[in-house]
Colleague: 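Submitted below is the structure of interest, expressed as C-alpha cells.
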Amino acid sequence: MSLAVKAVGIRKSFGEHEVLKGLDLEVAYGEVLCILGPSGSGKSTFLRCINHLETPNGGYVWVDGAIMGYRYANGALQELPVKHLRAQQSQLGMVFQHFNLFAHRTVLGNVIEGPMVVRGLKRAEAESRAMELLEQVGMAGKASAYPSQLSGGQKQRVAIARALAMEPRVMLFDEPTSALDPELVGEVLEVMRTLARGGTTMIVVTHEIGFAREVADRVVVMIDGEIREMGVPGDVLSNPADPRVRSFLSRVLA
Amino acid sequence: MSQSLPPSTAALPLADLPARDVAVRHLHHPGRWISGGVVLLLLAVIGRAFAVGQIQWPVVGEFLTAGVIVTGFGWTLLISAVALALGVALGFAFGIMRLSANPILRFAAWLYVWVFRGTPVLLQLLIWFNIALVFPRLYIPGLVDARMVDVVTPFVAAVLGLGVNEGSYLTEVVRGGIASVDRGQTEAAHTLGMTPGQTMRRIILPQTLRLILPVLGNSAIGMLKFSSLAATIAMGEMLNAAQRIYFINGAVIELLFVCATWYLAGTTVLSIGQYYLERHFGRDATAAAGQRSWFKGWTRRAVARGQA
Ligand SMILES: Nc1ncnc2c1ncn2[C@@H]1O[C@H](COP(=O)(O)OP(=O)(O)OP(=O)(O)O)[C@@H](O)[C@H]1O
Ligand SMILES: [Mg+2]
C-alpha cells in the first residue's frame with residue numbers, strides 16, 4: 001500500500017503551552033486510522049495541523065507527493081502562497097465536530113460551493129454530482145432545505161457530502177458525532193462505515209471506541225501531545241502496554 | 001407553607017372547586033382609560049394651539065408643492081442616497097480592513113473611525129467645504145489637475161462630509177457583523193480550498209449583509225435628516241431653499257413646517273421599507289424560508305441580467 005499522508009515531527013505550541021510534542025504518523029491509501037485520547041490531549045490540534053488549519057511550529061506534513069504549505073528547495077522549506085496552500089488543503093476533506101455548514105446556503109448549495117468556486121465546475125455538473133453524494137448520505141430529499149432546518153445528524157451527513165464533493169484523497173473527521181444527541185450518532189457512523197468499506201482513506205478523531213474497534217485498521221492513542229500507543233485495534237484496545245493508555249481506556253470502556 | 005398563600009386562594013376547599021367551564025372575569029384597567037384620556041386631552045390642546053396660533057396654514061399648503069421646495073427635496077434625496085452609498089462602500093472597505101491580518105491596514109481603519117466618528121459631522125462638512133484653503137489645487141499626475149473650488153462643489157462637499165462620516169459608523173457595524181459569522185464557516189471554506197477573497201465574498205459578506213440590513217435602514221433615515229446640515233454650506237437642498245424663501249417673504253415657521261412635512265413623508269416611507277426588510281431578514285434563524293424567497297428572487301434577477 002502506498003502512503004497517503006506522512007506527518008513528521010509535528011510540534012505545536014499555544015504561547016508557553018506545548019500542545020504537540022513532535023508527532024510522527026503514516027497513513028496508507030485505503031486505511032482507516034482512529035485517534036483516541038483524553039480531552040485536551042491535542043487530537044484536534046494534530047488533525048488541524050495535518051491540513052494546516054493550524055500551522056505547526058515544527059515538522060511538516062507530506063500529502064501525496066507534496067509538503068503541505070511549503071516547497072522543498074535548496075535544503076529548506078519555502079512557504080507557499082495562500083492560494084497554493086488552499087489547493088493542497090482541498091485534497092484533505094474535513095468534517096468538523098460542529099458541522100460548520102454555510103448557514104446562508106441550502107443543503108445543495110453547501111455541497112456545490114467547493115466544486116463550483118474552487119474547481120470551476122459548471123452549476124449543472126456540480127449539482128448532478130452533488131445529488132449523487134446527497135443520495136449516498138441519505139440527504140437527497142432535503143436538498144433545498146437550509147441548515148437551520150436540519151437535525152444535527154442530518155447536518156453532519158451534509159457536511160460529509162460537502163467534503164466528499166471535492167474528491168479529496170483523505171477524509172479527516174474531528175469528533176464527528178460528539179455534538180450529536182445519542183439517537184443521532186448511529187446514522188452518521190453508518191455513513192462513515194460505508195465510506196470506510198468503499199476504500200476511502202480516513203483519519204478519525206473519535207470517542208466512539210466501538211466504531212474504532214469495528215472499522216479502524218489502526219488505532220492511535222494520544223496523551224499529553226504524544227502518541228503513546230499505535231497498532232491494530234485488537235492489540236491497542238485489549239492489552240495496551242503503556243499504563244496511562246491503560247487507565248484512559250479503562251475509563252472510557254467502563 | 002399555607003400561611004404564605006393569599007387567604008382567598010387558601011380558603012377554597014377541594015370539594016368546592018368549580019366546573020371546568022367556569023366563567024372567567026378579567027381585571028378592569030381604569031388606569032389605561034385615565035392615562036389615555038389625559039394624553040388625548042394634551043394632544044387636543046397642542047393641536048388647537050397650532051391651529052389658532054400665528055401660523056398661516058394656507059401659506060404652508062401653498063409652498064408644500066412649490067417648485068423650489070420640490071427641487072430642494074430632490075437634492076435632499078440625491079445627497080442622502082449618494083452619501084449613504086459612499087458610507088456603505090467605505091464601511092465595508094474599512095470594516096474588512098479592521099479585521100485584516102495586516103496590522104498597518106488595521107491601524108489605518110482604526111484611525112479612520114477615530115477621526116471621523118470622533119468629530120461633529122457639521123464640522124466635517126465645513127472642513128470639506130473649505131478644503132480649498134488647505135489644498136488650492138487637486139493634482140493627480142495624469143488624471144486630474146483642477147482648482148479645488150471647482151472640484152469640491154457644495155454637493156460634493158455634502159456627499160463627502162455625510163458619506164465619510166457615515167462610513168466611520170458603518171465600519172464598526174460591518175466589523176461586528178463579520179465577527180459574528182462563526183469562525184467555523186471560514187475554516188470549512190478554507191478546507192474546501194477557497195481563498196480568503198472567495199471566502200469573504202461568498203461566505204462571510206452575504207451573511208454580514210443580512211445582519212446589518214436593519215442598521216442600514218436606520219442609517220438611511222438618519223442620513224435623510226442629516227442632509228439638512230448641508231444647508232449651512234450653501235448647498236441648495238430643501239432646508240436651504242426654504243431659508244432663501246423665508247428670508248424674502250418672512251414666512252419662517254410656515255416654510256419650516258413645509259420642510260418638516262417632507263422630511264416626515266420621506267422618513268415614513270423609509271420606515272415602512274425598513275419594516276419589510278426586517279421581516280424578511282428576521283433575527284430568528286428558523287425564518288430561513290422567508291429569506292430564501294427573497295434571495296431566490298434576487299439571484300434569479302441577477303442571473304437573468306447576466307444572461308441578457
Ligand atoms: N487556538 C488555541 N489557542 C490556545 N490554546 C489552544 C488552542 N487550541 C487548542 N488549545 C489547547 O491545546 C490543548 C489541546 O487541545 P485540543 O483541542 O487539540 O484537544 P483535544 O484532544 O481535541 O480535546 P477534546 O477531546 O476535548 O476535543 C488544550 O489544552 C487546549 O486548551
Ligand atoms: Mg478536539
Side-chain angles (χ1 to χ4, degrees), chain A residues 44 47-48 50-54 81-107 109-120 123 144-150 155 158-159 162-168 170-172 174 179, chain B residues 96 99-102 105 177-213 277 280-300 302-304 306-307:
Chain A
S44 298
L47 208 60
R48 293 163 59 82
I50 289 177
N51 71 356
H52 266 239
L53 277 180
E54 306 280 1
V82 71
K83 217 179 138 144
H84 250 86
L85 171 64
R86 293 283 180 268
Q88 291 181 323
Q89 283 175 315
S90 73
Q91 301 192 329
L92 301 170
M94 178 86 166
V95 175
F96 300 87
Q97 182 174 356
H98 295 287
F99 330 121
N100 297 352
L101 292 179
F102 304 134
H104 62 309
R105 296 255 195 269
T106 61
V107 165
N110 267 276
V111 182
I112 63 174
E113 183 73 15
M116 281 181 65
V117 175
V118 178
R119 302 180 61 190
R123 176 175 290 270
S144 55
Y146 280 81
S148 61
Q149 301 166 323
L150 303 179
K155 283 184 202 174
V158 173
R162 176 178 67 179
L164 288 173
M166 292 304 288
E167 300 179 340
V170 181
M171 286 286 285
L172 311 178
D174 188 4
Chain B
I96 292 169
L99 294 166
S100 163
N102 184 333
L105 293 189
I178 291 176
S180 71
V181 176
D182 85 276
R183 171 127 190 88
Q185 292 187 41
T186 306
E187 293 191 340
H190 288 176
T191 60
L192 291 177
M194 293 168 75
T195 61
Q198 287 169 336
T199 308
M200 185 58 85
R201 270 197 313 283
R202 301 192 51 93
I203 306 300
I204 297 174
L205 286 187
Q207 297 185 63
T208 308
L209 194 62
R210 186 186 287 180
L211 287 167
I212 71 172
L213 262 171
L277 270 184
H280 269 296
F281 294 87
R283 275 168 206 93
D284 186 1
T286 56
Q291 298 163 359
R292 185 181 148 198
S293 63
W294 197 89
F295 261 110
K296 276 249 164 100
W298 171 290
T299 42
R300 224 179 265 138
V303 168
Q307 284 165 348

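Numbered from 1 within each chain, the chains take letters A, B, ... in sequence-line order.
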Colleague: What part of B:Arg202 is in contact with chain A, defined as an atom under 4.5 angstrom from a non-hydrogen atom: side chain, backbone, both or neither?
Modeller: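 Both parts, backbone and side chain.
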Colleague: Quick one: of B:Gly197, B:Pro196, B:Gly193, who has the most non-hydrogen atom pairs under 4.5 Å with chain A?
Modeller: B:Gly193
Colleague: With only heavy atoms counted, which part of A:Leu85 is less than 4.5 Å from chain B, the side chain, the backbone, both or neither?
Modeller: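 For A:Leu85, no heavy atom lies under 4.5 Å from chain B.
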Colleague: Measure distances from A:Val82 to the heavy atoms of chain B and classify the residue's part below 4.5 Å as side chain, backbone, both or neither.
Modeller: side chain
Colleague: Which answer fits A:Glu113, side chain, backbone, both or neither, if we ask what part of it has an atom under 4.5 Å from a heavy atom of chain B?
Modeller: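 Just the side chain, heavy atoms under 4.5 Å.
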Colleague: Walk me through it: do B:Gln185 and B:Asp182 pass the test side chain to side chain donor-acceptor pair (under 3.5 Å)?
Modeller: CA-CA 6 Å; B:Gln185 292 187 41; B:Asp182 85 276; 3.1 Å; yes
Colleague: With distance as the sole criterion, is a donor-acceptor pair present between the side chains of A:Gln89 and A:Arg86 under 3.5 Å?
Modeller: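 There is such a pair (donor and acceptor under 3.5 Å, judged by atom type) between the side chains of A:Gln89 and A:Arg86.
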Colleague: If you look at every heavy atom in B:Pro206 and B:Met200, which pair is closest and at what distance?
Modeller: CD-O, 4.1 Å
Colleague: Is it the backbone or the side chain of A:Leu53 that comes under 4.5 Å from a heavy atom of chain B, or both, or neither?
Modeller: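 For A:Leu53, the side chain is the part near chain B, not the backbone.
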Colleague: Would you name the heavy atoms of A:Phe99 and A:Ala159 that are closest together and state the gap between them?
Modeller: O-CB, 3.9 Å
Colleague: Contact part of B:Glu187 toward chain A, heavy-atom cut-off under 4.5 Å: side chain, backbone, both or neither?
Modeller: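 Backbone plus side chain of B:Glu187, per the 4.5 Å heavy-atom cut-off to chain A.
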Colleague: Side chain, backbone, both or neither: which part of A:Arg48 has a non-hydrogen atom closer than 4.5 Å to chain B?
Modeller: side chain
Colleague: Mind running side-chain contact (heavy atoms from CB on, under 4.5 Å) on B:Thr186 and B:Ile203 for me, showing each step along the way?
Modeller: CA-CA 7 Å; B:Thr186 306; B:Ile203 306 300; 5.9 Å; no
Colleague: Any non-hydrogen side-chain atom of B:Leu192 less than 4.5 Å from a side-chain atom of A:Phe102?
Modeller: yes
